[in-house]
Participant: 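Right, I'll just put the structure down here and ask away after.
This one's a predicted model, so the numbers in the text were calculated from it and none came from an experiment. In what follows, chains are A, B, ... by sequence order, proteins preceding strands, each numbered from 1.
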Amino acid sequence: MSVRVRMAPSPTGFLHIGGVRTFLFNWLFARGRDGECLLRIENTDTSREVEESVDQIERSLRWLGIEWGGGTTFQLDRLERAQEEAARLVEAGSAYEDEGAIRIRMPNEGVTGWDDAIKGRIEFPNAQLEDLVILRSDGRPTYNFASPLDDWLDEITHVIRGDDHVSNTPKQIHVLRALGAEPPAYAHVPSVFGEDGRKLSKRHGAVSVDEFRDAGYLPEALMNFLALLGWAPDGETTIMSRDELFERFSLERVGASPATFDYAKLDWMNGVYLRALSAEDYAGRLTTWLREHEYDWPEERVRAAAPLVQEKIGRFAEFPDFAGFLFHDVEPDPALLDRRVLAAAETALSETEPWTAAEIETTLKRLCDELGEKPRTVYLPIRVAVTGSRISPGLYESLELLGRAEALARIQGKSE
RNA sequence: GCCCCCAUCGACUAGCGGCCCAGGUCACAGCCCUUUCAAGGCUGCAGCGCGGGUUCGAAUCCCGCUGGGGGCACCA
């Protein structure tokens with residue numbers, strides 16, 4: 001039997017990064033075994049539905065590269081079928097009407113258990129289970145009825161979901177059995193915490209996929225990072241392409257304990273991916289990111305600046321601060337400007353020919369000798385005058401790209 | 001209150017009874033390289049929550065405790 005899994009978000013808001021990680025596991029699992037991964041929106045509670053959220057969910061998944069087959073489906077698509085099945089259960093005596101709603105009978109003794117692919121054997125005493133409402137008095141199914149019903153009809157083989165569903169599982173197993181269906185395999189993925197050990201939320205930083213995208217992370221870096229949150233192929237390998245990811249992924253190697261989201265490690269990993277990009281690809285992605293974030297800087301210059309920053313910044317969002325001086329004038333801290341050095345630099349650079357990084361380097365090194373100063377003493381004021389900061393891309397390249405006229409104007413302007 | 005789950009460096013993890021006086025990665029510290037910042041190289045810091053067992057031998061198995069998390073809706 002081929003593998004079929006589903007990602008089942010509720011349309012109540014944006015896609016949370018913890019949920020994305022669970023979806024990623026679904027996708028990796030299916031992809032690695034030629035299976036199918038479906039997307040089903042759990043919308044039985046229409047009152048909580050948030051407009052746009054389905055669009056957002058789909059857009060987020062696409063950006064990350066998580067694919068799904070069969071189109072997006074909705075739980076309410078099966079409204080009639082759910083009502084028929086509920087009626088069938090009443091007829092069979094395994095469910096009954098209660099104040100207009102339909103409740104399913106739950107056993108009162110014994111235990112219900114399953115072998116969780118991640119957590120191992122889990123058992124619940126049946127005495128713990130109440131007869132649950134499967135059909136509301138308004139005729140709509142409840143989650144714990146609609147979800148297993150859909151899983152059955154969609155022929156889902158593995159339910160891979162957040163471990164906040166663990167206590168729903170025995171209920172759903174009974175629903176399935178009452179329906180005459182064989183329960184799927186279950187795998188409950190532990191949750192993701194923020195750095196304070198509490199559930200990941202806004203105040204920890206970015207949590208929605210959109211926010212990571214806005215911060216300038218690469219989708220493949222985020223995917224790699226997410227895959228390693230709670231899963232490890234061997235304890236040694238960290239950087240993995242998506243092909244390698246789904247080749248190596250297995251539920252058996254997903255850890256049973258919750259993981260903490262480490263933004264610093266994500267930053268590092270994003271840098272690794274950024275630096276590994278070809279110059280061409282890097283420039284293209286940077287350009288796209290800037291355009292999507294309303295920086296209308298000339299593309300030609302952005303592309304020219306790309307190689308200067310590729311080794312330097314860890315996220316595209318750092319670009320405006322780091323290389324913005326190439327697109328607008330700056331206001332340096334006067335305390336860092338040395339007028340003697342700047343005056344000498346202006347003179348020397350005005351004679352540099354041709355205006356290339358290599359020639360500028362020669363000029364500035366000679367200047368250091370003439371002034372009898374160390375490079376750091378000479379370069380700092382120039383860097384600050386031109387870039388507005390003591391931290392910037394390489395000085396020679398920056399000067400070259402800025403152009404002689406603008407560079408000299410800034411040096412002169414700031415030396416007065 | 002009841003039920004369920006979890007527990008290795010600050011973080012992600014490897015470890016599934018001897019190969020571990022615990023390995024890798026991030027972070028952190030120091031050094032090297034260097035025009036700044038990064039990147040890169042090297043070195044270092046740092047951990048099996050506690051208490052009982054089982055065993056010749058336990059991070060690994062069992063029990064208890066503690067701590068953390070989740071759930072107990074005509075929400076999903």
Side-chain angles (χ1 to χ4, degrees), chain A residues 8-12 41-45 47-49 75 98-103 113 116 118-120 122-130 132-147 161-171 188 190-193 195 197-199 225 227-239 252-253 255-269 271-272 274-275 309-314 318 322 360-361 364-365 368 374-380 382-384 387 389-399:
Chain A
S10 62
T12 49
I41 310 293
E42 312 256 76
N43 66 337
T44 45
D45 184 11
S47 66
R48 298 206 320 170
E49 208 161 326
Q75 204 149 61
D98 174 34
E99 292 186 31
I102 307 289
R103 284 184 188 274
D116 198 275
I118 292 173
K119 297 193 183 251
I122 300 179
E123 290 182 340
F124 282 81
N126 288 332
Q128 202 66 207
L129 305 174
E130 291 180 359
L132 67 101
V133 171
I134 57 174
L135 216 60
R136 300 177 171 90
S137 43
D138 68 2
R140 284 181 297 126
T142 56
Y143 166 77
N144 275 315
F145 184 54
S147 188
R161 61 196 348 178
D163 71 355
D164 48 329
H165 286 292
V166 165
S167 58
N168 285 325
T169 306
K171 303 173 191 171
H188 287 94
S191 43
V192 178
F193 291 158
E195 263 135 9
R198 308 190 59 82
K199 231 178 173 168
F225 175 79
L228 253 21
L229 259 194
W231 172 78
D234 54 23
E236 307 285 312
T237 316
T238 50
I239 303 296
E252 293 69 52
R253 292 196 65 88
S257 54
T260 301
F261 198 102
D262 184 353
Y263 290 89
K265 188 165 185 175
L266 205 214
D267 282 350
W268 164 79
M269 192 172 281
V272 170
L274 243 21
R275 276 173 253 121
V309 303
Q310 185 167 6
E311 298 284 320
K312 308 268 185 176
I313 62 175
E318 293 169 23
F322 191 68
I360 291 167
E361 178 173 0
L364 292 181
K365 286 197 164 150
C368 291
K374 291 182 174 176
R376 58 178 354 124
T377 311
V378 175
Y379 290 8
L380 178 70
I382 302 174
R383 182 188 303 281
V384 170
T387 72
S389 168
R390 50 201 314 170
I391 301 168
S392 78
L395 184 56
Y396 317 133
E397 294 79 5
S398 295
L399 287 169

Participant: Determine the contact category for A/Glu311: base if any of its heavy atoms lies under 4.0 Å from a base atom, sugar-phosphate if only primed atoms, P, OP1 or OP2 are that close, otherwise nothing.
Facilitator: base
Participant: Below 3.5 Å, does any donor atom in the side chain of A/Asn168 face an acceptor in the base of B/A76, or the other way round?
Facilitator: yes
Participant: At a cut-off of 3.5 Å, list every protein nitrogen or oxygen paired with a nitrogen or oxygen from nucleotides 60-67 of chain B, distance to 0.1 Å.
Facilitator:
none

Participant: In this structure, how many angstroms lie between the P atom of B/A38 and the CG atom of A/Asp267, rounded?
Facilitator: 14 Å
Participant: Could you tell me which nucleotide pairs with B/G40 by Watson-Crick or G-U wobble geometry, both distances under 3.5 Å, or answer none if nothing does?
Facilitator: B/C32
Participant: Would you indicate whether the side-chain heavy atoms of A/Ile382 and A/Leu364 approach each other to under 4.5 Å?
Facilitator: yes
Participant: Which part of the nucleic acid, if any, lies within contact of A/His165, taking any heavy atom under 4.0 Å across all strands shown: a base, the sugar-phosphate backbone alone, or nothing?
Facilitator: base
Participant: Roughly, in whole Å, what's the span from CD1 in A/Ile313 to C1' in B/A38?
Facilitator: 11 Å
Participant: Are the side chains of A/Arg136 and A/Thr142 in touch, meaning some heavy atoms are under 4.5 Å apart?
Facilitator: yes
Participant: Would you call A/Ile102 and A/Val133 a side-chain contact if the rule is heavy atoms closer than 4.5 Å?
Facilitator: no
Participant: When all nucleic acid strands are considered with a 4.0 Å heavy-atom cut-off, which category describes A/Asn144: base, sugar-phosphate, or nothing?
Facilitator: base
Participant: Indicate, with a heavy-atom threshold strictly under 4.0 Å, whether A/Ala101 touches base, sugar-phosphate, or nothing.
Facilitator: base
Participant: I'd like to check the side chain to side chain donor-acceptor pair (under 3.5 Å) partners of A/Asp164; sequence neighbours left out, ordered by chain and number.
Facilitator: none
Participant: Set out, line by line, the N/O atom pairs under 3.5 Å between protein and nucleotides 33-36 of chain B.
Facilitator:
from, atom 1, to, atom 2, distance (Å)
B/U35, O2, A/Arg383, NH2, 2.5
B/U36, O2', A/Arg390, O, 2.8
B/U36, N1, A/Arg383, NH2, 3.1
B/U36, O2, A/Arg383, NH1, 3.2
B/U36, O2, A/Arg390, O, 3.4
B/U36, O2, A/Ser392, N, 3.0
B/U36, O2, A/Ser392, O, 3.2
B/U36, N3, A/Arg383, NH1, 3.2
B/U36, N3, A/Ser392, O, 2.9
B/U36, O4, A/Lys312, NZ, 2.8

Participant: Between A/Phe225 and A/Phe261, is any pair of side-chain heavy atoms under 4.5 Å apart?
Facilitator: yes
Participant: Give a yes/no on whether any side-chain N or O of A/Arg136 is located under 4.0 angstrom from OP1 or OP2 of B/C75.
Facilitator: yes
Participant: B/U66 pairs with which nucleotide, Watson-Crick or G-U wobble, both distances below 3.5 Å?
Facilitator: B/A7
Participant: Nearest-Å distance, CZ (A/Phe322) to P (B/A38)?
Facilitator: 10 Å
Participant: Please report, rounded to the nearest Å, how far the P atom of B/C28 is from the CD atom of A/Glu195.
Facilitator: 12 Å
Participant: Could you run down the sub-3.5 Å N/O contacts of the protein with nucleotides 3-10 of chain B?
Facilitator:
from, atom 1, to, atom 2, distance (Å)
B/C3, O4', A/Gln128, OE1, 3.1
B/C3, O4', A/Gln128, NE2, 3.3
B/C5, O2', A/Lys119, NZ, 2.7

Participant: Send over the distance from A/Arg161 CZ to B/G71 P, rounded to a whole Å.
Facilitator: 13 Å
Participant: Applying side chain to side chain donor-acceptor pair (under 3.5 Å), name anything that partners A/Glu195, two or more places apart in sequence or on another chain.
Facilitator: none
Participant: I want to check one thing: is the phosphate of B/A11, taken as OP1 and OP2, less than 4.0 Å away from some side-chain N or O of A/Thr260?
Facilitator: no
Participant: What is the distance, rounded to the nearest whole Å, between atom CZ of A/Phe225 and atom P of B/U25?
Facilitator: 17 Å
Participant: Which whole-number value in Å describes the distance from A/Ile239 CD1 to B/U13 P?
Facilitator: 16 Å
Participant: Would you classify A/Arg253 as touching base, sugar-phosphate or nothing, given that sugar-phosphate means primed atoms plus P, OP1 and OP2, and contacts are heavy atoms under 4.0 Å?
Facilitator: sugar-phosphate
Participant: What is the distance, to the nearest angstrom, from the CD atom on A/Glu236 to the C1' atom on B/G23?
Facilitator: 6 Å
Participant: Just name whichever nucleotide pairs with B/C48, Watson-Crick or G-U, keeping both distances under 3.5 Å, else none.
Facilitator: none
Participant: Checking A/Asp234 now: which residues fulfil side chain to side chain donor-acceptor pair (under 3.5 Å) with it, not counting sequence neighbours?
Facilitator: A/Thr237, A/Arg248
